[in-house]
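Note that the structure is predicted; figures quoted are calculated from it, not measured. We name chains A, B, ... by the order of the sequence lines, and we start the count at 1 in each one.
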Amino acid sequence: MTEKVDPIPIKTDFIRKIVNEDLKTGHFNGVVHTRFPPEPNGYLHIGHLKAISTDFSIAEDYGGQCNLRFDDTNPIKEETEFVEAIMDDIHWLGYDWEDRLFYASDYFPQLYEWAVQLIKDGKAYVDDLSAAEIREYRGTLTEPGKNSPYRDRSIEENLDLFERMRQGEFPDGARVLRAKIDMASPNIVMRDPVMYRILHTPHHRTGSEWPIYPMYDWAHGQSDSIEGITYSLCSLEFKNNRELYDWFLDQLGIHHPRQIEFGRLNVTHTLTSKRKLRRLVEDGWVNGWDDPRMPTIRGMRRRGYTPAALRNFMDMTGVAKANSLVDFAMLEFAVREDLNRHTPRAMAVLRPLPLTITNYPDDQVEWFDVPNYPQDKSNPEMRQVPFSKRIYIEQNDFMEDAPRKFFRLAPGREVRLLGAYYVTCTDVVKDDAGNVVELLCTYDPESKGGRSPDGRKVKGTIHWVSAAHAVPAELRQYGVLFSKPNPEEVDEEGQDFLSNLNPNSLEILPDAMLEPALAEVEVGAPFQFMRQGYYVKDPDSTPEHPVFNLTVTLRDGWAKARKK
RNA sequence: UGGGGUGUCGCCAAGUGGUAAGGCAGCGGACUUUGAAUCCGCCAUCCCAGGUUCAAAUCCUGGCACCCCAGCCA
């Protein structure tokens with residue numbers, strides 16, 4: 001008999017094909033070295049995750065390495081706080097750059113030398129045009145630009161001016177260093193791109209040492225080259241920049257990595273624009289960068305998403321040359337799939353309805369052994385759950401006028417209390433307004449453990465918590481942040497993405513009741529509240545006031561059936 | 001109206017001349033002390049129009065749609 005072997009998933013994305021081809025031809029002598037180059041100006045979000053997983057996993061798959069390099073060439077926007085947060089998030093995801101932590105700012109001296117070299121080669125010049133003039137001279141999408149009047153300065157003058165820029169002699173914006181390429185290029189990136197701007201702003205790492213800072217295009221490729229990167233993977237919008245990336249490297253005649261662009265990942269009902277995420281935080285639409293509704297790594301961590309789920313989601317969505325808008329349901333699937341395997345079960349009643357078992361002894365308490373991992377036969381771990389005369393059940397597990405297909409509690413109907421007894425509803429207690437405030441039931445002592453000796457079938461099984469032992473808790477029920485799949489799509493002119501904010505993205509359940517085993521679990525501990533969803537204990541919890549976040553609900557087959 | 005890129009099921013995504021993988025969602029059904037999980041089954045002719053070929057999603061021609069580029073941002 002042949003054994004069934006799980007096929008090794010072979011990824012066939014276009015990047016790996018290029019790598020395979022290089023391996024065959026020996027283009028980079030078999031070296032696969034990538035880098036993840038975040039700018040430390042904000043928190044990582046789900047869009048970055050695609051880049052992180054692509055950069056790290058390709059290196060991993062080929063036995064290569066991936067560096068972490070902070071692209072810190074703009075001191076106005078960048079802060080050390082973000083450097084720390086980004087490193088923390090990447091490690092949490094399970095990726096490691098080992099001792100290869102770099103900063104583009106490490107290369108400022110080298111970059112400066114290379115700039116001098118280009119000037120000497122007549123390939124770069126100092127331009128005195130103002131920012132507005134440069135824009136004007138650049139031309140438009142359909143018209144070529146024109147040469148700056150300063151384009152043909154002598155090498156000596158350029159050298160002198162550039163040196164003085166570096167010495168801090170000129171104010172911000174007075175001059176720039178530009179590459180001398182082609183003002184008529186159909187690719188606007190090639191119309192004498194700016195290499196350095198004057199910025200008398202202290203840098204988070206180099207302090208006040210540099211009054212000039214390199215632009216992305218000038219810094220990035222050279223940084224890749226210095227680090228011996230072979231594959232410089234980036235997103236689609238840098239496609240046009242590749243021509244310049246190649247040009248600089250060719251002029252310098254240094255190690256030339258291969259830039260490959262791939263499509264960005266977007267998820268429905270969410271946003272990844274840093275500007276807009278900042279707005280949500282700063283204007284108080286959410287409670288900070290780690291709000292569980294935020295698509296930031298920090299938010300998803302607090303929400304209870306796991307590294308395994310997120311990484312698997314990346315594999316599910318793939319890498320391709322087109323930007324994508326993936327259904328939020330796919331993310332939820334990945335989260336459930338991982339959580340289902342490893343998460344212990346427990347009982348919690350979200351919206352309690354008191355139920356009294358009239359024929360159960362008044363002061364009796366029974367402790368039932370209930371499996372923590374019923375989904376995993378190989379893990380027999382049990383816990384004890386107290387049962388008594390007065391319990392809470394879920395409000396929506398009872399219906400006074402129940403349709404035939406409703407398998408839960410209704411007047412005269414019998415259900416199984418998970419792990420305990422069969423119970424039959426005999427009476428309904430209402431308040432003056434007619435609301436159901438309590439259920440009276442009888443139990444079948446023969447059905448202890450949830451099985452009856454006569455073998456009669458009970459279709460419904462519901463969860464419960466003993467009232468005397470219940471631990472009150474706050475539950476935070478999270479839904480999608482935006483009502484529309486694409487938050488940018490507004491109904492009326494003049495509106496913006498904020499008009500699509502889901503008013504029900506957070507619902508607080510202040511009076512949930514937990515089984516006692518949940519009383520003192522650690523913050524961050526995940527549980528499946530049976531028949532409801534996966535929850536994780538929130539850092540806002542105090543010993544007197546536990547708080548749990550809804551990570552993701554369970555699929556709800558009843559919700560579907562009910563619609564018919 | 002310039003240049004670059006992309007168009008395969010509702011959403012991702014394989015396929016690169018030989019007769020459309022897989023996943024998500026959806027829809028049936030089995031099983032069930034979670035209406036969960038699990039398990040079975042169903043679910044596309046490839047943006048359009050011509051052409052080449054015995055044969056095209058794959059090649060050619062011409063359209064169309066969408067995305068990116070005119071920061072001294074990255």
Side-chain angles (χ1 to χ4, degrees), chain A residues 9 12-13 37-39 41 71 73-74 76-77 127 129-132 134-136 138-145 172-178 185-191 193-199 212-213 215-217 219-220 234-243 261 263-265 268 274 313 315-334 336-337 340-341 345 347 370-371 374-376 405-408 416-420 422 449-451 458-463 485 528-533 553-562:
Chain A
T12 58
D13 58 79
E39 183 187 13
N41 71 342
D71 220 334
T73 58
N74 185 351
I76 294 171
K77 305 197 296 182
D127 196 347
L129 252 27
S130 70
I134 284 182
R135 191 183 317 125
E136 241 181 82
R138 188 153 32 222
T140 68
L141 293 177
T142 52
E143 300 160 315
D172 287 6
R175 291 175 224 266
V176 293
L177 182 72
R178 293 230 256 171
S185 172
N187 181 356
I188 292 174
V189 170
M190 299 300 277
R191 316 236 263 228
V194 173
M195 294 168 66
Y196 278 97
R197 75 280 219 187
I198 299 172
L199 241 36
I212 56 172
Y213 291 93
M215 300 290 290
Y216 164 85
D217 286 304
H220 203 88
C234 60
S235 46
L236 244 35
E237 65 267 31
F238 290 102
K239 184 65 205 280
N240 293 333
N241 300 249
R242 187 163 92 208
E243 192 178 352
E261 311 84 17
R264 275 181 183 276
L265 167 78
T268 61
K274 271 180 192 165
F313 178 55
D315 287 342
M316 287 170 72
T317 50
V319 189
K321 278 190 252 190
N323 288 322
S324 61
L325 177 61
V326 174
D327 199 330
F328 188 75
M330 211 193 284
L331 210 205
E332 292 199 311
F333 173 86
R336 288 191 190 104
E337 189 183 46
N340 174 49
R341 274 203 288 272
R345 316 282 124 131
M347 290 195 285
V370 178
Q375 83 285 13
D376 180 2
K405 297 280 233 174
F406 185 77
F407 303 142
R408 287 113 91 146
R416 169 165 40 232
L417 295 175
L418 208 149
Y422 289 179
R451 213 182 304 275
V458 169
K459 185 82 174 166
T461 301
I462 65 176
H463 58 97
Q528 185 201 94
F529 290 172
M530 292 185 86
R531 304 205 311 128
Q532 298 291 170
T553 61
L554 256 29
R555 290 184 63 207
D556 189 351
W558 167 239
K560 279 180 213 164
R562 195 212 279 129

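Contacts of R451(A) with the nucleic acid, taken as non-hydrogen atoms under 4.0 Å apart, include base atoms. Residue Y422(A) is classed as having no contact, given no heavy-atom separation below 4.0 Å to the nucleic acid. At the heavy-atom level, L129(A) lies under 4.0 Å from base atoms of the strands shown. The residue F333(A) sits close only to the backbone: its heavy atoms come under 4.0 Å of sugar-phosphate atoms, none of a base. Within 4.0 Å of Y196(A), counting heavy atoms only, lies no atom of the nucleic acid at all. Using a 4.0 Å heavy-atom cutoff across all strands shown, V176(A) reaches at least one base atom of the nucleic acid. When heavy atoms are screened at a 4.0 angstrom cut-off, L325(A) is found touching the sugar-phosphate backbone but no base atom. Using a 4.0 Å heavy-atom distance criterion, M347(A) is classed as making no nucleic acid contact. Base contact: A131(A) has a heavy atom under 4.0 Å from a base atom.
Comparing C68(B) with G10(B), their P atoms are spaced 24 Å from each other, to the whole Å. When the C1' atom is compared between A20(B) and U61(B), the two are found 25 Å apart, to the nearest whole Å.
A donor-acceptor pair is defined here as one N or O able to donate and one able to accept, closer than 3.5 Å; no such pair exists between the side chain of R178(A) and the backbone of P193(A). Side-chain atoms of D71(A) never come within 3.5 Å of backbone atoms of P38(A) as a donor-acceptor pair (strictly under, hydrogens ignored).
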Find every protein N or O atom lying less than 3.5 Å from an N or O atom of nucleotides 1-5 of chain B, and list the pairs.
{"unit_1": "G2(B)", "atom_1": "N9", "unit_2": "L141(A)", "atom_2": "O", "d": "3.1"}
{"unit_1": "G2(B)", "atom_1": "N2", "unit_2": "P186(A)", "atom_2": "O", "d": "3.4"}
{"unit_1": "G2(B)", "atom_1": "N3", "unit_2": "L141(A)", "atom_2": "O", "d": "3.0"}
{"unit_1": "G3(B)", "atom_1": "N2", "unit_2": "N240(A)", "atom_2": "OD1", "d": "3.4"}
{"unit_1": "G3(B)", "atom_1": "N2", "unit_2": "N240(A)", "atom_2": "ND2", "d": "2.9"}
{"unit_1": "G5(B)", "atom_1": "OP1", "unit_2": "K239(A)", "atom_2": "NZ", "d": "3.3"}

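By the rule that a glycosidic angle within 90° of 0 means syn, G71(B) counts as syn.
In this structure, the ring of F333(A) has its center no less than 6.0 angstrom from the ring center of F328(A).
When Watson-Crick and G-U wobble pairs are counted only if both distances are under 3.5 Å, U38(B) pairs with A30(B). U1(B): no Watson-Crick or G-U partner with both key distances under 3.5 Å is found in any strand. Under the Watson-Crick or G-U wobble criterion, with both distances below 3.5 Å, U53(B) has no partner in any strand shown.
Take the nearest nucleotide of RNA chain B for T12(A) and for Q528(A): the residue whose nucleotide is more 5' is T12(A). Between D327(A) and F529(A), the one whose closest nucleotide on RNA chain B sits nearer the 5' end is D327(A).
Using a 4.0 Å cut-off between a side-chain N of Lys or Arg and a carboxylate O of Asp or Glu, E237(A) and R264(A) qualify as a salt bridge.
Not one side-chain nitrogen or oxygen of R416(A) sits closer than 4.0 Å to the OP1 or OP2 atom of U34(B). OP1 and OP2 of A36(B) both lie 4.0 Å or more from every side-chain N or O belonging to R336(A).
In this structure, E261(A) and S235(A) approach most closely via the heavy-atom pair CB-O, 3.9 Å.
Side-chain proximity of M530(A) to A14(B), C73(B), U34(B): nearest is U34(B).
For R191(A), there are no side-chain hydrogen bond (donor to acceptor under 3.5 Å, both in side chains) partners two or more places apart in sequence or in a different chain. The salt bridge (charged side-chain N to carboxylate O under 4.0 Å, His left out) search around E243(A) returns none, not counting sequence neighbours.
Residue ring and nucleobase are not stacked for Y216(A) and A74(B) under a centre distance beneath 5.5 angstrom and an angle between planes beneath 30°.
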